[in-house]
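One-based numbering, in listed order, for ligands and for the atoms of each.
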Amino acid sequence: MDLIQFQKLFKKEPGYRLGQAKKALFQDLIQNWQTAKALPLILKEELNKKCPIEVSAKTFVSKDRNTIKALMTLKDGLKIETVLMRHKNKRNTICVSSQVGCSLNCSFCATGKMGFKRNLEAWEIVEQVLFFARYLKKIKERVTNIVFMGMGEPFLNYQNVIGAIKILNDKEGFNLGARHFSVSTVGIVEGIEKLAREELQINLAISLHAPDDKLRSKLMPINKKYPIRKILNAVDDYIAKTRRRVMFEYIMIRNLNDSEENAKTLARLMKKPCTRASTVQGRPLYFVNLISYNPTGIFKPSLSLRIKKFKEILEKEGVTVTQRYRFGQDVEGACGQLAAKDGRK
Ligand code: SAH
């Protein structure tokens with residue numbers, strides 16, 4: 001949908017109409033303006049013509065039915081992927097894409113292989129969420145969390161990502177609380193700095209994946225521009241301003257970044273902020289999320305015994321560690337597997 005057109009249309013309407021439209025779109029989750037009961041017929045027709053809200057997508061459901069991947073076709077024919085992960089207790093997380101493809105070419109990630117096509121508009125991000133919100137409504141469930149961990153680097157499309165979050169956070173609209181959003185970045189320092197100034201209570205995650213610059217630069221070429229020290233300094237400033245915890249993502253790749261030595265170096269890195277302002281009531285605000293590597297190319301995932309040992313070392317050193325559950329490998333909807341290869345299935 002063209003947001004500028006949308007706003008223009010409502011400028012000439014009485015004030016309450018916009019509220020009615022937002023309710024229809026974000027709460028009733030209509031699929032077509034025709035079904036927006038409160039709006040007059042002429043306006044509905046105009047909206048359908050100038051601001052259509054249908055989403056064109058194919059879905060793939062995993063065997064355990066807990067992961068649903070949507071391959072969406074955008075208005076220019078390009079394709080993106082979005083994933084719904086259904087957790088226990090009716091927790092439903094949507095993993096959204098922020099760009100078509102990605103320019104960063106991390107060696108372990110499938111999206112990087114397809115190169116960068118373009119940034120997504122704020123509405124194209126919102127649409128991904130609406131698609132699954134409509135899907136969930138049919139089974140009387142709701143979207144409870146949104147993570148920017150799909151295709152692309154959110155902080156290289158900063159304005160549209162924050163724009164989409166603000167639309168989805170709007171009390172009159174979708175009304176999802178800021179704390180239910182997470183943005184994951186390779187560590188674009190300017191983005192971290194900007195986010196610190198937003199006064200938005202969203203969660204920040206950093207894709208670290210290696211405890212030293214030599215190894216990190218091998219895995220993630222962007223590390224040459226934003227080395228670990230620079231990122232951690234920006235994160236410390238972010239924490240000092242926001243008092244929010246920051247997650248460090250670490251994918252476990254066999255015999256590459258999963259040694260005991262790697263764990264010890266990582267622990268030293270993670271403990272550093274305890275000596276600075278970055279603790280609340282003595283609790284370190286850094287925590288590590290260990291992620292099983294989803295094979296998409298040359299590497300293999302770490303053996304579970306290695307992961308266990310790695311986790312133990314971190315914990316012994318006082319680092320808080322969580323582990324990410326694998327979702328949707330069989331629909332190629334797991335982390336790093338999103339590459340919008342149409343026609344494979
Ligand atoms: N560009 C952002 C967000 C997209 S990726 C970022 O890098 O943070 C979301 C997460 O999935 C990142 O932590 C990314 O490093 C991780 N990831 C990429 N490829 C993966 C793979 N093959 N297996 C597991 N995680 C992967």
Next on the checklist: Against ligand 1, does C95 come closer than 4.0 Å with any heavy atom?
Outcome noted: no

Checklist entry - Hey, is D76 close enough to R118 for a salt bridge, meaning N to O under 4.0 Å? => result yes

Next on the checklist: Keeping S97 on the side-chain end and Q99 on the backbone end, is there a donor-acceptor pair under 3.5 Å?
Outcome noted: no

Checklist outcome for this item: With heavy atoms and a 4.0 Å threshold, my read on which part of T111 contacts ligand 1 is neither

Next on the checklist: Just by distance, no angles: are the side chains of N92 and T144 close enough, under 3.5 Å, to form a donor-acceptor pair?
Outcome noted: no

Next on the checklist: Parallel, tilted or perpendicular, judged at 30° and 60°: which one describes the rings of Y135 and F132?
Outcome noted: perpendicular

Next on the checklist: Heavy atoms only, cut-off 4.0 Å: how does N294 contact ligand 1, side chain, backbone, both, or neither?
Outcome noted: both

Next on the checklist: Between ligand 1 and G152, can you find any atom pair, the residue atom being a heavy atom, that is separated by under 4.0 Å?
Outcome noted: yes

Checklist entry - Does an N or O from F108, backbone or side chain, lie closer than 3.5 Å to an N or O of ligand 1? => result yes

Checklist entry - Is the Lys NZ or Arg CZ of R244 less than 6.0 Å from the centre of Y238's six-membered ring, within 45° of the axis? => result no

Next on the checklist: Can you tell me if H209 contacts ligand 1 (heavy atom of the residue under 4.0 Å from the ligand)?
Outcome noted: yes

Item to check | Close-contact set for ligand 1 against C109 heavy atoms, below 4.0 Å | outcome: 18 (C), 19 (N)

Checklist entry - Applying ring-ring contact (aromatic ring centres under 6.0 Å, His included), which residue pairs with at least one partner in residues 12-53 are found, sequence neighbours left out? => result none

Next on the checklist: Within the 3.5 Å criterion, strictly below it, is a donor on D236 or Y286 matched to an acceptor on the partner's side chain?
Outcome noted: yes

Checklist entry - How would you list, by chain and number, every residue that makes a side chain to side chain contact (heavy atoms under 4.5 Å, CB included) with T59, sequence neighbours excluded? => result I68, A70, F131

Checklist entry - Is the closest N or O pair between Y293 and ligand 1 shorter than 3.5 Å? => result no

Checklist outcome for this item: ligand 1 atoms nearer than 4.0 angstrom to some heavy atom of E249 are 10 (C), 12 (C), 13 (O)

Next on the checklist: I'd like the name of whichever of M247, M149, M252, M151 reaches closest to atom 9 (C) of ligand 1 through any heavy atom.
Outcome noted: M149

Checklist entry - What atoms of ligand 1 come within less than 4.0 Å of a heavy atom belonging to G150? => result 4 (C)

Checklist entry - Is E198 paired with K166 through a side-chain N to carboxylate O contact shorter than 4.0 Å? => result yes

Item to check | Under 4.0 Å to a heavy atom of T185 - the qualifying atoms of ligand 1, by number | outcome: 6 (C), 8 (O)

Checklist entry - Which ligand 1 atoms are under 4.0 Å away from a heavy-atom of S292? => result 24 (C)

Checklist entry - Going by the atom numbers of ligand 1, which of them fall below 4.0 Å from some non-hydrogen atom of I251? => result 24 (C), 25 (N), 26 (C)

